[in-house]
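In what follows, chains carry the letters A, B, and so on, assigned in the order in which the sequence lines appear, proteins first and then strands, with residues in each chain numbered from 1.
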Amino acid sequence: MAETEHRPTNFVRQIIDKDIANKVHSTIKTRFPPEPNGFLHIGHAKSICLNFGIAQDYQGSCNLRFDDTNPTKEDISYVNAIKEDVQWLGFEWAGEPCYSSGYFDQLHGYAIELIEKGLAFVDFCSQEEIREMRGTLTQAGTHSPYRDTDVATNLAEFEKMTAGEYEDGKCCLRAKIDMASSFMVMRDPVIYRIKHAHHHQTGDKWCVYPMYDFTHCISDAIEGITHSLCSLEFQDNRRLYDWVIENISIDTVPRQYEFSRLNLEYTVLSKRKLIQLVEEKFVDGWDDPRMPTVAGLRRRGYTAGAIREFCARIGVTKMENQVEMSMLESCIRDDLNENGPRAMAVLDPIKVIIENYPEDQHEELVAPNHPSNEAMGTRLLPFSREVWIEAEDFRESANKKFKRLVLDKEVRLRNAYVIKANRVEKDEDGNVTTVYCTYDDETLGKDPADGRKVKGVIHWVDASKGCAAEFRLYDRLFTVPSPAKEDDFTGAINPDSLEVKKGYIEPSALQSEQGFSAWQFERIGYFCRDTHFDTPVFNRTVGLRDTWAKIQQGG
RNA sequence: UGGGGUAUAGCCAAGUUGGUAAGGCUGCGGGUUUUGAUCCCGCCAUCCGUAGGUUCGAGUCCUGCUACCCCAGCCA
């Protein structure tokens with residue numbers, strides 16, 4: 001893939017370069033560690049491109065690891081969706097997918113090791129008591145009354161916890177670190193809690209589950225991860241990550257580095273909020289084309305290459321950021337402009353009747369699939385006396401800025417003839433329904449012989465052979481650039497994010513033997529077929545750049 | 001003075017032994033064009049959060065200040 005050839009460097013790669021130069025590591029190993037509690041979104045794509053991209057470029061490897069330590073929030077359907085999305089994005093994980101839950105036995109053993117070393121204790125304080133004793137950001141916490149329980153008792157109590165003798169919340173295992181630490185995460189963090197819950201991987205084997213901070217670093221070490229990349233909010237957690245690795249008997253020493261997560265304008269990228277959009281039916285599901293999920297973008301018509309390119313363009317830093325939608329849109333336009341065949345579709349049709357074209361005549365015009373790439377071949381365009389054109393491409397009168405069809409003026413039908421509008425027919429509301437025209441049969445594939453200039457070109461669909469189709473146009477999901485900052489982000493949902501159009505499309509776009517799945521409908525935008533429907537439904541991925549719209553707004 | 005982080009154009013982002021501000025997106029001009037698309041050409045930071053200091057020379061070093069983000073889940 002061309003877009004992967006010039007990956008920009010970033011601070012993580014520079015760290016790796018140094019580690020290699022200093023012979024700290026000979027091979028690089030990364031991991032992408034989602035919790036299977038929702039679908040992947042474009043922010044995950046950034047992490048995926050970073051982790052798998054590094055593995056590729058350094059001839060290392062990258063694991064896919066499900067960080068599944070909280071069975072009550074997770075589901076097997078999410079692990080399947082995540083696998084599919086990672087593969088679709090074009091990446092291959094090393095070996096079989098890994099699961100944190102696959103290390104539960106070892107994790108349990110390391111917990112016992114900490115207890116034996118006097119570095120962990122079973123705490124019977126309630127959750128509220130623990131919270132109160134944790135102190136505040138400016139005040140040290142206080143010791144739990146169970147902090148000095150002897151090792152043998154702790155061992156026995158942890159065993160009872162594990163055996164299911166206590167109900168949820170009755171007690172927990174805590175690391176014994178420093179209740180006065182300026183890092184809140186170091187104030188005797190809970191590392192095991194009781195959850196009598198069924199786990200999608202381990203079934204009912206366990207009723208105690210390790211916490212993230214205890215699990216992640218050990219999982220990294222077990223897998224031999226050299227560089228464990230996560231987002232900025234885990235910077236404080238790194239102290240606990242290192243503490244655990246230092247205090248258990250394990251040889252490998254993975255290092256954690258943090259980068260800033262992606263924020264995208266006019267959408268939300270937090271699983272909690274995305275789950276809410278799905279569950280409260282603000283959208284059609286995880287793969288709603290308006291969703292910033294990988295599945296949603298895919299259904300919208302975004303290609304994996306375009307998403308990878310986007311991730312390459314935005315870079316990886318530690319700066320808080322909010323990327324403009326135009327950055328994403330530019331990536332998919334670049335891809336589809338180059339790779340998408342052209343076709344014609346009329347979304348808001350009015351009829352053109354070519355009065356001097358024989359009623360029983362039908363032609364098959366040949367049109368290139370791409371204006372500059374002949375290798376993409378040609379397709380046949382049916383043409384006859386009646387065609388559909390876009391309502392906004394006709395005006396009874398207009399100044400010369402309007403380069404489309406105007407009464408008594410000429411315009412070219414794209415890939416076909418020059419026509420001239422003679423008169424119109426309107427409905428009871430005064431809307432033009434039909435434009436009666438004449439055509440110049442000398443203008444197929446060439447300019448008028450007498451040298452007269454025809455400035456405009458409009459698209460069309462043959463009325464007799466064109467196919468009825470539905471077109472779905474999407475707008476941003478939210479009305480404000482930072483919906484996550486609203487008190488209630490659902491209040492900022494754009495009520496007009498979906499516009500459905502019923503129109504017509506040239507037959508070639510419905511012929512599966514053409515082998516295309518995404519097109520540029522000329523002058524309208526890039527579209528893909530929505531395979532959720534048997535009838536022809538096309539999603540507009542993104543519109544074309546529209547300077548005409550800007551001219552109109554400005555004037 | 002709780003601690004951890006970050007500050008380079010509207011947005012993203014290079015800049016790493018101090019040597020005189022890459023690139024992309026957006027925007028704005030102009031050219032080509034049977035897509036008001038694409039493509040092509042040109043323009044867009046005397047200045048790097050701010051105030052000082054060191055230096056022949058600082059975005060890069062030092063000091064003070066300011067702004068913003070993260071941390072008080074038995075979530076990840």
Side-chain angles (χ1 to χ4, degrees), chain A residues 8-11 14 33-35 37 67 69-70 72-73 123 125-127 130-132 134-141 168-174 180-187 189-195 209 211-213 215-216 230-239 258 260 262 265 271-272 312-331 333-334 337-338 342 344 367 370-372 401-404 411-416 418 443 445-447 454-459 520-525 543-552:
Chain A
T9 186
N10 57 51
F11 78 96
Q14 289 167 351
E35 182 185 16
N37 65 343
D67 210 352
T69 56
N70 190 351
T72 56
K73 286 193 173 178
D123 195 335
C125 290
S126 69
Q127 206 168 149
I130 288 178
R131 187 191 313 129
E132 282 163 19
R134 187 148 33 221
T136 69
L137 296 178
T138 52
Q139 289 180 316
D168 290 9
K170 177 69 181 172
C171 56
C172 61
L173 184 68
R174 289 227 262 168
S181 175
S182 54
F183 295 99
M184 297 302 291
V185 73
M186 298 296 269
R187 320 247 264 223
V190 173
I191 57 175
Y192 259 93
R193 80 290 216 179
I194 301 170
K195 269 180 191 276
Y209 292 94
M211 299 288 287
Y212 164 84
D213 284 303
T215 306
H216 206 92
C230 63
S231 44
L232 249 31
E233 63 267 31
F234 291 102
Q235 288 175 117
D236 287 359
N237 300 248
R238 187 174 68 240
R239 278 71 187 183
E258 310 86 11
S260 55
L262 169 67
E265 269 189 346
K271 269 194 199 159
R272 205 212 104 235
R313 288 189 195 180
I314 59 175
V316 176
T317 70
K318 296 169 87 95
M319 284 189 268
E320 292 295 328
N321 60 79
Q322 184 171 54
V323 177
E324 293 176 346
M325 275 293 181
S326 63
M327 188 84 92
L328 219 205
E329 293 173 343
S330 168
C331 293
R333 284 196 186 108
D334 282 358
N337 175 52
E338 187 179 335
R342 310 291 121 123
M344 293 194 287
H370 194 280
S372 56
K401 270 187 176 176
F402 186 78
K403 305 193 298 182
R404 307 179 186 189
V411 77
R412 173 176 293 280
L413 293 178
R414 173 74 166 155
N415 295 124
V418 169
T443 55
K446 56 191 179 207
D447 290 330
V454 178
K455 54 195 172 214
V457 179
I458 62 173
H459 57 94
Q520 181 198 104
F521 293 162
E522 289 189 290
R523 304 210 305 130
I524 301 177
L544 261 26
R545 275 189 67 229
D546 192 351
T547 42
W548 172 239
K550 285 173 191 162
I551 290 167
Q552 287 181 304

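One can find a donor-acceptor pair under 3.5 Å joining the base of B/G36 and the side-chain atoms of A/Arg404. A donor N or O paired with an acceptor N or O is found under 3.5 Å between the base of B/G3 and the side-chain atoms of A/Asp236.
Between the side chain of A/Thr443 and the backbone N or O of A/Val418, at least one donor-acceptor pair lies under 3.5 Å.
Residue-to-nucleotide proximity on RNA chain B shows that, of A/Lys170 and A/Val316, the 5′-proximal contact is made by A/Val316. Comparing A/Gly169 and A/Ala416, the nucleotide of RNA chain B nearest to each residue sits closer to the 5' end for A/Ala416.
Contact annotation: A/Arg134 reaches the phosphate of B/C74 (side-chain N/O to OP1 or OP2, under 4.0 Å). Phosphate contact (OP1/OP2 of B/C75, side-chain N/O of A/Arg272, threshold under 4.0 Å): absent. Under 4.0 angstrom from either OP1 or OP2 of B/A72 there lies no side-chain N or O belonging to A/Thr136.
The residue A/Arg342 sits close to a base: some heavy atom pair falls under 4.0 Å.
Pair check for B/C25 finds B/G10; Watson-Crick or G-U wobble, both atom distances under 3.5 Å. Here B/U35 sits opposite no nucleotide as a Watson-Crick or G-U wobble pair (both hydrogen-bonding atom distances under 3.5 Å). In this entry B/A51 has B/U63 as its Watson-Crick or G-U wobble partner, both defining distances falling under 3.5 Å.
Classified by its glycosidic torsion, B/G49 falls in the anti category, the angle being over 90° from 0.
Nucleotides B/G15 and B/G29 place their P atoms 34 Å apart, quoted to the nearest Å.
Heavy-atom contacts from other residues, nucleotides or ligands closer than 6.0 Å to CD of A/Gln322 number more than 12.
Closest to the A/Val457 side chain, of the nucleotides B/U35, B/G2, B/A7, is B/U35.
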